[in-house]
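These notes are about the structure you will find just below.
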Amino acid sequence: MRELPVKLGERTYSIFIGTSILGNTGELLRRVSGTYKVLVVSNPKVFSLYGKKLLDSLGERGFESITALMPDGEEFKNMEEAIKILNQAVDAKLERNAVIMALGGGVAGDLAGFVAAIYQRGLDFVQVPTTLLAQVDSSVGGKVAVNHPRGKNMIGAFHQPRMVVIDSSTLSTLAQRDYLSGLGEVIKYGIIYEAEFFSFIENNAEKIIKKDEGCLQELIYRSCRIKSEIVEQDEKEMGVRAILNLGHTFGHAVEKLGEYQEYRHGEAVVMGTMAAAYLALDMGLLEQSELERILELFKRLGISPGFPSYDPAQVYDGMLNDKKIANKKLRLILPRGIGDYLITDTADKDKKEVIKAIERAQKGK
Ligand SMILES: NC(=O)c1ccc[n+]([C@@H]2O[C@H](COP(=O)([O-])OP(=O)(O)OC[C@H]3O[C@@H](n4cnc5c(N)ncnc54)[C@H](O)[C@@H]3O)[C@@H](O)[C@H]2O)c1
Ligand SMILES: [Zn+2]
């Protein structure tokens, strides 16, 4: 088991990464919490796979657990479900020293974390992520939120977990589509932050596809290290943390046009990254050969779904509705070569270039 600290002053916490460490959760939680009550938030699918092992592990260390199950799916990451869980917390008489624990992917994690942030002005929160996306991205960094009908993650907070327990063997049951979609967020770290990590993914693509255990752990560890390094510099996203949104403004528009049903979040991020890469090429930030390296890696990993043929003007409008808009300007994260970034504010006059990048991503050339 490897331990990675996320250094955030009094909110410092550890990420534990290992194979089959789900059964150690109770013991790890005892190190940071004296409570006896834990509200576990999950969905029926994940809970049927891993719930018993988790609850047994908590029980062994004297924790009493209450389970709140939400239906499976992004469309349930909303206020109504949050209220249902809050009601369960009230019914169970959860007090300030209780712990809320998310067992599942980014959806369960974001929803449970949101509830943890607001119930009695904030309870301790623990993440036990079970999708690749959640293990490498959403469980680390403290962003928690629910969606609003007008936009993703519109209502949320920063609420850091007390710890994160990543059992990489849970990925064995994850559908290949969900697994692969998480790789979009992994590659993002290489593209905008660390060229060496990008090469690591290139050199291990086959092992990664096959979920080779040793390789997976390294992939997760390095991703969490990069994400935590960025979060440590800028916890509340006033500056550099925004680079984690590579591909997301395009991606959120695609997710919305697909009514959150058509594409997984990670798939939309890959599509958005393609569009951002074409825009970067146009702006002279990226060489043709670097663009090809990125596209080639997506292809080799089997995460190259192509940008869907929505009307580019509609995609652009969707991007304007994204909440990450500074002074009505569209803020975009663009790759500058591989391993570096540029944060750019585009005004109306750049609309043409953005639409052109979408069209090029659609055509793939
Ligand atoms: N908070 C953040 O910083 C942050 C960052 C990135 C993404 N997100 C959010 O994460 C969400 C997407 O998360 P996701 O891709 O994990 O989706 P998800 O939580 O919907 O999980 C995908 C599917 O896998 C199933 N599943 C989960 N673990 C499993 C396992 N071990 N075995 C079998 N099935 C399993 C789930 O039930 C679900 O059907 C989005 O809402 C996105 O906005 C948040
Ligand atoms: Zn994301």
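Counting starts at 1 for both ligands and their atoms, following the listed order. Just so it is clear, the structure is predicted and the values come from calculations on it, not from any experiment.
- Using a cut-off of 4.0 Å between Lys/Arg side-chain N and Asp/Glu carboxylate O, Lys188 and Glu185 are scored as salt-bridged.
- With respect to Glu255, the side chain to side chain donor-acceptor pair (under 3.5 Å) criterion is satisfied by exactly one of His248, His265, Arg264: His265.
- Residue Leu171 does not touch ligand 1, judged by heavy-atom distances below 4.0 Å.
- Atom numbering of ligand 1 starts at 1 in the shown order; those under 4.0 Å from a heavy atom of Val46 are 26 (N), 27 (C), 28 (N), 29 (C), 35 (C), 37 (O).
- Each of the following atoms of ligand 1 lies closer than 4.0 Å to a heavy atom of Lys152: 40 (C), 41 (O), 42 (C), 43 (O).
- Atoms of ligand 1 lying under 4.0 Å from any heavy atom of Glu185, numbered from 1 in the order shown and given with element: 6 (C).
- Without hydrogens or angle criteria, Ser228 side chain to Cys224 main chain gives a donor-acceptor distance under 3.5 Å.
- Among protein heavy atoms, the minimum distance from atom 9 (C) of ligand 1 is reached at Asp110 OD2, 3.4 Å.
- Closest to atom 7 (C) of ligand 1 among all protein heavy atoms lies Leu133 CD2, 3.5 Å.
- For atom 28 (N) of ligand 1, the closest heavy atom belonging to the protein is Thr130 OG1, 2.7 Å.
- Looking at Lys143, Glu74, His265, it is Glu74 that brings a heavy atom closest to atom 40 (C) of ligand 1.
- We find that Glu218 and Arg222 are joined by a salt bridge, their nearest charged nitrogen and carboxylate oxygen being less than 4.0 Å apart.
- The protein non-hydrogen atom at the shortest distance from atom 30 (C) of ligand 1 is Thr173 OG1, 3.5 Å.
- In terms of protein heavy-atom proximity, atom 36 (C) of ligand 1 is nearest to Asp72 OD1, 3.6 Å.
- For ligand 1, the atoms closer than 4.0 angstrom to any heavy atom of Asn153 are 43 (O).
- Inspection of the Gln135 and Ser168 side chains reveals no N or O donor paired with an N or O acceptor under 3.5 Å.
- Atom 16 (O) of ligand 1 has Thr131 OG1, 2.6 Å as its closest protein atom, hydrogens excluded (heavy atom only).
- A distance-only check finds a donor-acceptor pair linking the side chain of Lys227 to the backbone of Val140 [under 3.5 Å].
- Those atoms of ligand 1 with a heavy atom of Lys227 less than 4.0 angstrom away are 3 (O).
- Considering each of Leu132, Thr170, Val269, the one bringing a non-hydrogen atom nearest atom 31 (N) of ligand 1 is Thr170.
- Each of the atoms 31 (N) of ligand 1 lies under 4.0 Å from some heavy atom of Tyr50.
- In terms of protein heavy-atom proximity, atom 35 (C) of ligand 1 is closest to Leu174 CD1, 3.5 Å.
- No hydrogens or angles considered: a donor-acceptor pair under 3.5 Å links the side chains of Glu237 and Asn245.
- In the vicinity of Leu49, heavy-atom distances shorter than 4.0 Å reach the ligand 1 atoms 32 (N), 33 (C).
- Atom-to-atom distance recorded for Thr346:OG1 and Lys352:NZ is 14.0 Å, nearest 0.5 angstrom.
- Heavy atoms from both the backbone and the side chain of Val107 come within less than 4.0 Å of ligand 1.
- Ranking the protein heavy atoms by distance from atom 4 (C) of ligand 1 puts Ser138 CB, 3.1 Å first.
- With hydrogens and angles disregarded, a donor-acceptor distance shorter than 3.5 Å links the side chain of Tyr119 to the backbone of Leu94.
- Residue Asp137 approaches ligand 1 through these ligand atoms, each under 4.0 Å from one of its heavy atoms: 5 (C), 6 (C).
- With hydrogens and angles ignored, the 3.5 Å screen pairs a side-chain donor or acceptor of Gln160 with a backbone N or O of Gly141.
- Only the side chain of Lys45 comes within contact range of ligand 1, with a heavy atom under 4.0 Å; no backbone atom does.
- The closest side-chain donor-acceptor pair between Glu27 and Ser57, if any, does not fall under 3.5 angstrom.
- Here the side chain of Arg2 pairs no donor or acceptor atom with the backbone of Tyr221 at under 3.5 angstrom.
- Only protein atoms were considered; those of element N, O or S under 2.8 Å from the Zn ion (ligand 2) number 3.
- Residue contact check for ligand 1: His252 places no non-hydrogen atom closer than 4.0 Å to it.
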